[in-house]
Amino acid sequence: MAGALREAIVDWYGVAARDLPWRRAGVGAWGVLVSEIMLQQTPVARVLPVWEDWMERWPTPAALADEPPGEAVRHWGRLGYPRRALNLHACARAITDDHDGKVPSTYDELRRLPGIGDYTAAAVASFAYGGSHAVLDTNVRRVLARAVRGEEFPPKATTAAERTLAESLIPEVDAPRWAVAVMELGALVCTARAPRCADCPVAGECAWRLAGRPAYDGPARRGQTYAGTDRQCRGRLLAVLREAHGPVPKPALDAVWSDAVQRERALDGLVADGLAEPLADGTYRLPGTVI
DNA sequence: GATGCGTGGGA
DNA sequence: TTCCCAAGCAT
C-alpha cells in the first residue's frame with residue numbers, strides 16, 4: 001500500500017512538475033547546491049532570478065571562491081537570511097580547498113559544509129548524485145502528516161517517528177524521483193493554508209481527508225512580529241551597505257533606524273556575523289569588498 | 001529544545 | 001490590514 005501511494009505521487013509528478021531551472025538536464029551539483037541554499041525558507045518565485053544571475057556570474061565553486069565574501073552578500077540581494085550568502089561563499093572555498101573544486105557527493109561530506117544541515121545534505125546527495133536518502137523538508141513532513149498520520153500539520157520539530165516513516169518509504173529504485181515528487185506535492189497541492197484535495201493524486205487514501213480534515217489541535221505554531229525587531233534593523237542596515245558603491249559613512253546608517261541603542265546592537269551583530277566590516281576611518285562596507 | 005535569523009506575497 | 005509562512009541551520 002505504501003507502494004501504491006508512492007506510485008500515484010510519482011505519476012502525478014510526471015505530469016504536474018514545474019520546469020525549474022535547477023532541475024534541468026546539465027545542471028551540475030553546484031547549481032543544485034546553490035538552489036538548495038537559496039530555497040531554505042524562501043519561496044521559489046523569489047529564488048528564480050537570483051539563481052539565474054548567480055549561476056551566470058559564478059558558474060563554478062572556484063569562481064565564487066575567488067571573490068571576497070561581501071560580493072556574495074551583495075548579489076544575494078533581498079532573498080533574506082544573508083548569512084546564507086556567507087555560507088555559500090564558505091562552501092565554495094571549502095570545496096575549492098578541500099574537495100578539488102568538486103561538490104562532494106556523500107551525505108556526510110556535504111553535512112560538514114557550512115550552512116548544510118540534514119535536509120540540504122540529503123537533497124544535494126539525492127538530486128545531484130542520485131543518492132538514496134530521506135529528504136525531509138517542511139513539504140514532505142506536511143504530506144506525510146496528513147496522508148499517513150491523519151493530522152493537519154506535523155510537529156514543530158522533526159521527530160524520530162517522522163524520520164522512521166520517511167525512511168520506510170524510500171523506494172529501492174529511483175529514490176530521488178520519489179523525493180522530489182512528494183516535495184512537489186506538498187508545494188503545489190498539499191499546501192499549508194488551503195490544500196487542493198480535489199487535485200490530489202492520493203486524496204482517496206489520505207488519512208486526514210478520510211477523517212474529515214480535522215483541525216490541528218496541537219500547540220500554537222506561530223507568533224512572531226517583525227516590525228521593530230533587531231532582525232528588521234539588521235535588514236535595513238545591510239540594505240544600505242549592499243546598495244552602496246563605496247564605503248558607507250556612519251551617518252548614512254544612522255539615518256535608517258532611529259533607536260540608537262538598538263541600531264548599534266544590530267550593527268555590532270552584523271560585524272560579529274561577518275556581514276559587515278568596519279574600516280579604520282569609521283566607515284562600513286560589505287566584508288572584503290573594494291568598490 | 002527554544003531562539004534568532006530577512007523578506008515579500010497571498011489569504 | 002494583519003497574519004501566516006516559504007526546499008532550514010546553528011547555537
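Both backbone and side-chain heavy atoms feed into the values below; hydrogens, waters and symmetry mates do not. Within every chain, numbering begins at 1; the chains are lettered A, B, ... in the order of the sequence lines, protein sequences first and strands thereafter.
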I want to check one thing: is the phosphate of [N], taken as OP1 and OP2, less than 4.0 Å away from some side-chain N or O of [X]?
X      : N      : answer
A:R242 : B:dT7  : yes
A:Y226 : B:dT7  : yes
A:R84  : C:dG8  : no
A:R111 : C:dA10 : yes

Tell me: [atom1] of [X] to [atom2] of [N], nearest whole Å?
X      : N     : atom1 : atom2 : value
A:D273 : B:dG6 : CG    : C1'   : 13 Å
A:L238 : B:dT7 : CG    : P     : 7 Å
A:R78  : B:dC5 : CZ    : P     : 17 Å
A:E152 : C:dC4 : CD    : P     : 13 Å

Legend entry - Contact summary for A:V50 and A:R46, nearest pair of heavy atoms: CG2-O, 3.7 Å
Side chain of [X] - closest among [options]:
X      : options              : value
A:R46  : B:dG8, C:dA7, B:dA11 : B:dG8
A:A192 : B:dG6, C:dC5, C:dA7  : C:dC5
A:P43  : B:dG6, C:dC9, C:dA6  : C:dA6
A:R83  : C:dA6, B:dC5, C:dC5  : B:dC5
A:Y119 : C:dC5, B:dT7, C:dA7  : C:dA7

Legend entry - Along DNA chain B (nearest heavy atom to each residue), the more 5'-positioned of A:P82 and A:A157: A:A157
Inset, instruction - Examine the base of B:dG4 for any acceptor or donor lying under 3.5 Å from a partner atom in the side chain of A:R231, and report the outcome as yes or no. - result: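 No such pair is found, so the answer is no.
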Legend entry - N/O donor-acceptor pair, side chain A:T229 with base B:dG4, under 3.5 angstrom: no
Inset, instruction - Identify whether any heavy atom of A:D118 sits under 4.0 Å from a base atom; if not, whether one sits that close to sugar-phosphate; answer base, sugar-phosphate or nothing. - result: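 Result for A:D118 = sugar-phosphate.
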Legend entry - Salt-bridge contact A:R163-A:D118 (side-chain N to carboxylate O under 4.0 Å):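 Yes.
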Legend entry - Side-chain ion pair, A:R146 and A:E151, N-O less than 4.0 Å: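 Result for this pair is no, no salt bridge flagged.
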Inset, instruction - Only one of A:Y107, A:F127, A:W178 passes ring-ring contact (aromatic ring centres under 6.0 Å, His included) with A:H133; say which it is. - result: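 When ring-ring contact (aromatic ring centres under 6.0 Å, His included) is applied between A:H133 and each of A:Y107, A:F127, A:W178, only A:Y107 qualifies.
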Inset, instruction - Would you please name every residue forming a salt bridge (charged side-chain N to carboxylate O under 4.0 Å, His left out) with A:R141, sequence neighbours left out? - result: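 In terms of salt bridge (charged side-chain N to carboxylate O under 4.0 Å, His left out), with neighbours along the sequence ignored, A:R141 is linked to A:E162.
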Inset, instruction - Please figure out whether A:L113 or A:T42 has its closest DNA chain C nucleotide nearer the 5' end. - result: A:T42
Inset, instruction - Using the salt bridge (Lys or Arg N to Asp or Glu O under 4.0 Å) rule, pick out the option among A:R236, A:R265, A:R263 that qualifies with A:D230. - result: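 Only one of A:R236, A:R265, A:R263 forms a salt bridge (Lys or Arg N to Asp or Glu O under 4.0 Å) with A:D230, namely A:R265.
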Inset, instruction - Decide yes or no for A:W12 and A:C200: does some side-chain heavy atom of the first lie under 4.5 Å from some side-chain heavy atom of the second? - result: no
Legend entry - Residues touching DNA chain C, which here means a heavy atom under 4.0 Å, drawn from residues 10-41 of chain A: A:R18, A:L20, A:W22, A:R23, A:E36, A:L39, A:Q40, A:Q41
